[in-house]
Amino acid sequence: MKDARTNQITTINPFTEEPIETYDRMSEADAMAAVEKCHVAHKAWARRSVEERAEVIAKIGKELREASDAFSKLMTEETGKLFKDGGTEIALCAAICDFTAKAAPDEFADEEREVQGATGVVTHKPLGVIYGIQPWNFPAYQAVRYSIASLIGGNGVILKHAANCTGSGLFLREVYERAGLPIDLFTVLVIDHDVSDKVIEHPLVRGVTLTGSDASGRKVAAKAGSVVKKTVLELGSNDAHIVLEDADLEKAVQTCVAGRVYNNGQTCVSAKRFIVEDSIYDEFVAAYVDAMKGMTTGDPMENGTALGPIARKDLRDDLHKQVTESVAQGAKVEIGGEVPEGKGYFYPATVLTNVQPGQPAYDDELFGPVAAIIRAKDEADAVRIANDSRYGLGGGVHSGDTARARRIALEELDTGMVYVNGFNVASPNMPFGGVKDSGYGREHGGFGMKEFVNTKSVFVN
């Protein structure tokens, strides 16, 4: 949270509701000076070969693994995520480093093409300083995802992390520098939104990436567009998982519950809407509700805890408001739906049925352990409902006929990613990103490495 009187940030543990640490916000002048230092560091880094940069990226992966327990504990303290989920997050971050270090030399290799009267050469060169504005739900992964891709391309990187995980951003900088990344090349700015706008406008900043809400994406894209800066936006979603009548019901329920409660339900690519064919709808609801009854809240540091607290009190209040508004408009609470008494920003595993268009549970992103189950007449109706959204990040199809599910995933669903008979957050070798109000641009899979480079054409006569 921000203390307006002192222009400081105080991080709060959402489990204990106690302060963790207080940080001074940087002045505009200090932030601009940091941008300039990052640019200087970038100029030297850009002169290194891709192979040399890859060696440092690989060392960052090793350092992340060494720091896993300490980093996971800090993330749990700052955001309430389960400690065990923090370990999984760090493992993913290290895997991103491994993939990037191995793939980059081939991804960035110059390519020759025959052109009329000349030899064409396609080469990829650094842009400069890339500015990332990142959220709190994956304090390590969100920052690693864009920064490693930008660094391997020879760029400098600036991070403005969410206020409530300020410590995690600074910890990540220490990890990078311990692994041998040059000082100032990865710069963390502890600033407010007004100074952030000035950073976007800075002439040495050449690209901007944001992970957050679609409302925040519009603001950042507009600001960057006003000064002709490229953006990559990874925004929210209300991902739909279709459960067809021939699905393995037990596996589908297990997967859909895991997809909803992972990271305390605070994941942009979480399974959020469950669209179930009429013939198995009642059976699915009964089994899903029964499984959600086992998702009890508790200390996120304890290995047996199923759900930790929501990251901030205001976020829990917003989530509960969405639930109550949905109920007021006809949704039915099958389980949960009440703010518990006691310390900690907890919200129970909640299941809503009779979810209809116009309700927040149908139209919007519910960032917490709240599932919306929707009845569909048949496959075509299920696909229609799934696509009836302003979002398009991820989704899923569950069917005993894998070829059928694959066809729907490939041809029918208007999203950036689809999981067939499963759920996953991300894979380093597959592109990550969405369409519609879920944003644009891609990260991972080699695609992210090239979002912020100058793909230059050279004609040799």
Side-chain angles (χ1 to χ4, degrees), residues 2 4 7 9 25-43 46 124-136 142-143 145-147 149-151 153-163 169 184-237 268 365 390-393 416 432-443 447-456:
K2 177 182 177 181
N7 199 30
I9 294 171
R25 289 181 186 266
M26 300 169 70
S27 68
E28 181 180 332
D30 287 341
M32 298 303 105
V35 172
E36 291 169 9
K37 289 181 180 179
C38 185
H39 175 73
V40 171
H42 139 70
K43 296 298 288 185
H124 306 281
K125 298 302 178 184
L127 276 184
V129 175
I130 307 303
Y131 180 38
I133 303 169
Q134 299 301 317
W136 46 264
Q142 304 284 14
R145 186 171 68 191
Y146 90 94
S147 64
S150 297
L151 290 167
N155 299 303
V157 174
I158 292 176
L159 168 66
K160 178 191 180 297
H161 223 327
D184 296 325
L185 191 63
F186 177 74
T187 298
V188 178
L189 300 183
V190 183
I191 56 177
D192 61 20
H193 293 298
D194 290 339
V195 176
S196 179
D197 284 347
K198 298 295 184 182
V199 173
I200 293 173
E201 294 172 350
H202 197 295
L204 294 178
V205 171
R206 299 289 298 277
V208 183
T209 181
L210 172 137
T211 299
S213 69
D214 51 319
S216 296
R218 289 185 181 91
K219 293 176 183 177
V220 168
K223 173 56 67 175
S226 72
V227 285
V228 199
K229 306 285 177 73
K230 179 181 179 178
T231 53
V232 169
L233 303 178
E234 194 274 282
L235 309 178
S237 195
C268 54
E365 179 176 41
R390 71 179 188 274
Y391 295 114
L393 185 59
F432 186 103
V435 295
K436 300 189 282 187
D437 282 8
S438 289
Y440 49 76
R442 290 295 180 267
E443 297 170 295
F447 298 88
M449 299 182 203
K450 296 178 180 177
E451 286 285 3
F452 291 111
V453 294
N454 175 15
T455 301
K456 183 188 296 186

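Throughout, numbering of the chain's residues begins at 1 and tracks the sequence.
Lys230 forms a cation-pi arrangement with Phe452, by the criterion of a distance under 6.0 Å to the ring centre and an angle within 45° of the ring axis.
Put simply, the side chain of Met32 reaches to within 4.5 Å of the side chain of Val199, judged on heavy atoms. When side chains are defined from C-beta on, Val35 does not count as touching Tyr131, because their heavy atoms never get closer than 4.5 Å. Residues Glu451 and Glu443 form no side-chain contact, since every pair of their non-hydrogen atoms from C-beta on lies 4.5 Å or further apart. Counting heavy atoms from C-beta on, the side chains of Arg145 and Glu234 come closer than 4.5 Å. Taking the side chain as every heavy atom from C-beta outward, Val453 and Lys450 approach each other to under 4.5 Å. Between Ile200 and Val220, the closest side-chain pair of non-hydrogen atoms falls below 4.5 Å. Side-chain contact between Leu151 and Leu185 is present, with at least one heavy-atom pair separated by less than 4.5 Å.
Shown here is Tyr440, whose OH atom has more than 12 heavy atoms of other residues, nucleotides or ligands within 6.0 Å. By the 6.0 Å contact criterion, NZ on Lys456 is open, its count of non-hydrogen atoms from other residues, nucleotides or ligands being 12 or less. Within a 6.0 Å sphere centred on NZ of Lys436, other residues, nucleotides and ligands contribute more than 12 heavy atoms.
A donor-acceptor contact shorter than 3.5 Å links the side chain of Arg442 to the backbone of Gly434. No donor-acceptor distance shorter than 3.5 angstrom exists from the side chain of Asn454 to the backbone of Pro126, with no hydrogens or angles considered. Listed for the His42 side chain is a donor-acceptor partner under 3.5 Å among the backbone atoms of Gly154.
Contact between Val232 and Gly441 at its shortest, heavy atoms only, is CG1-CA, 4.1 Å. Closest of all the heavy-atom pairs between Gly392 and Ser438 is N-OG, 2.9 Å. Nearest approach of Leu159 to Gly169, heavy atoms of both residues: CD2-CA, 4.0 Å. The minimum heavy-atom distance linking Gln134 with Gln142 is given by the pair OE1-O, 3.3 Å. Annotation for Leu235 and Ser213: closest pair CD2-O, 3.5 Å, computed over non-hydrogen atoms. Shown here for Tyr391 and Glu365, the closest heavy-atom pair between the two residues is CE1-N, 4.1 Å.
Atom OG in Ser196 sits 4.0 Å away from atom CD1 in Ile133 (nearest 0.5 Å). The structure places CE of Met449 at 11.5 Å from NE2 of His124, a figure rounded to the nearest 0.5 Å. His39 NE2 to Thr187 OG1: the interatomic distance, rounded to the nearest 0.5 Å, is 12.5 Å. A distance of 8.5 Å separates NZ of Lys229 from CZ of Arg206, quoted to the nearest 0.5 Å. Within the model, atoms CG of Leu189 and CD1 of Ile158 stand 5.0 Å from one another, a figure rounded to the nearest 0.5 Å. If you take CG on Asp197 and CD on Glu28, they are separated by 10.5 Å, rounding to the nearest 0.5 Å.
Between Arg218 and Asp214, at least one side-chain nitrogen of the basic residue sits less than 4.0 Å from a carboxylate oxygen of the acidic one, meeting the salt-bridge criterion.
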